[in-house]
Amino acid sequence: MRSFTNSRATPEGGAHTAGFRAGLAAALSAHGRTRARSARTGGPGAADGGRSRLRPGRIGRVLTSVVSVRPDRPEFEGATRGLLGGAEVRACVEEVVREHVSAWLADHPAQADAVIGICRLPRNPQDEFDLHSSTSAN
């Protein structure tokens with residue numbers, strides 16, 4: 001993920017990247033749950049019935065994104081000022097991303113299922129462990 005605030009790179013991320021990840025995870029998880037409910041009632045749904053969880057860390061490793069925000073008064077943190085602070089920025093980005101991604105997922109169900117399927121695939125041994133532990137608990 002590449003992130004920017006007022007056209008300035010924020011290599012350490014910050015509130016806007018946290019909001020983006022949270023909004024994306026919320027939208028994908030909600031869509032996955034909806035599709036799983038639909039599958040249980042006889043409609044089209046997720047192939048695994050929604051048993052494996054989508055985790056923000058896994059999502060961030062399989063999707064490419066650029067986050068750019070333009071707050072009126074950015075609050076930079078850290079010694080190099082490469083980290084954007086501000087709870088209101090996080091909340092705003094999370095809400096906007098959740099709403100827009102949810103709408104896109106609803107309008108493009110085949111692509112949505114493909115994205116969710118990719119996000120559920122383990123990318124390294126730790127993800128394999130996470131995948132098994134999250135599915136065995138359900």
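Because the structure is a prediction, the values reported are computed rather than measured. Computed from heavy atoms alone, side chains included, the values below leave out hydrogens, waters and symmetry copies.
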Practice task
Under the side chain to side chain donor-acceptor pair (under 3.5 Å) rule, collect the residues that match up with Thr10, sequence neighbours excluded.
Solution key: Ser3, His16
In residues 70-79, what donor-acceptor pairs under 3.5 Å come from side-chain atoms, sequence neighbours left out?
unit_1, atom_1, unit_2, atom_2, d
Arg70, NH2, Ser7, OG, 2.7

Handout entry: Rounded distance (nearest 0.5 Å) linking atom OG of Ser102 with atom CG of Leu28
Key = 8.0 Å
Practice task
Might you work through the side chain to side chain contact (heavy atoms under 4.5 Å, CB included) test for Met1 and Val67, ending with a clear yes or no?
Solution key: CA-CA 7 Å; Met1 175 183 304; Val67 179; 3.8 Å; yes
Problem - Pairs involving residues 91-110, ordered by first then second residue, that meet salt bridge (charged side-chain N to carboxylate O under 4.0 Å, His left out) (sequence neighbours left out) - result: Arg90-Glu94
Practice task
Group every Ile, Leu, Val, Met, Phe, Trp and Tyr by side-chain heavy-atom contacts under 4.5 Å, then state whether Val97 and Val89 land in the same group.
Solution key: yes
Handout entry: Atom pair CD (Glu12) and CG (Leu84), whose distance is rounded to the nearest 0.5 Å
Key = 11.5 Å
Handout entry: Cluster check Val69, Leu24: I/L/V/M/F/W/Y, side chain < 4.5 angstrom
Key = yes
Handout entry: Arg8 atom CZ, over 12 foreign heavy atoms within 6.0 Å
Key = yes
Completion exercise
Joining Ile, Leu, Val, Met, Phe, Trp and Tyr whenever any side-chain heavy atoms lie under 4.5 Å apart, the cluster holding Phe4 also takes in Val66
Completion exercise
Taking every heavy atom of Leu105 against every heavy atom of Ala27, the minimum-distance pair comes out as CD1-O, 3.6 Å
Problem - Closest non-hydrogen atom pair between His31 and Asp113, with its separation - result: NE2-OD1, 4.1 Å
Completion exercise
His108 meets the ring-ring contact (aromatic ring centres under 6.0 Å, His included) criterion, sequence neighbours left out, with Trp104
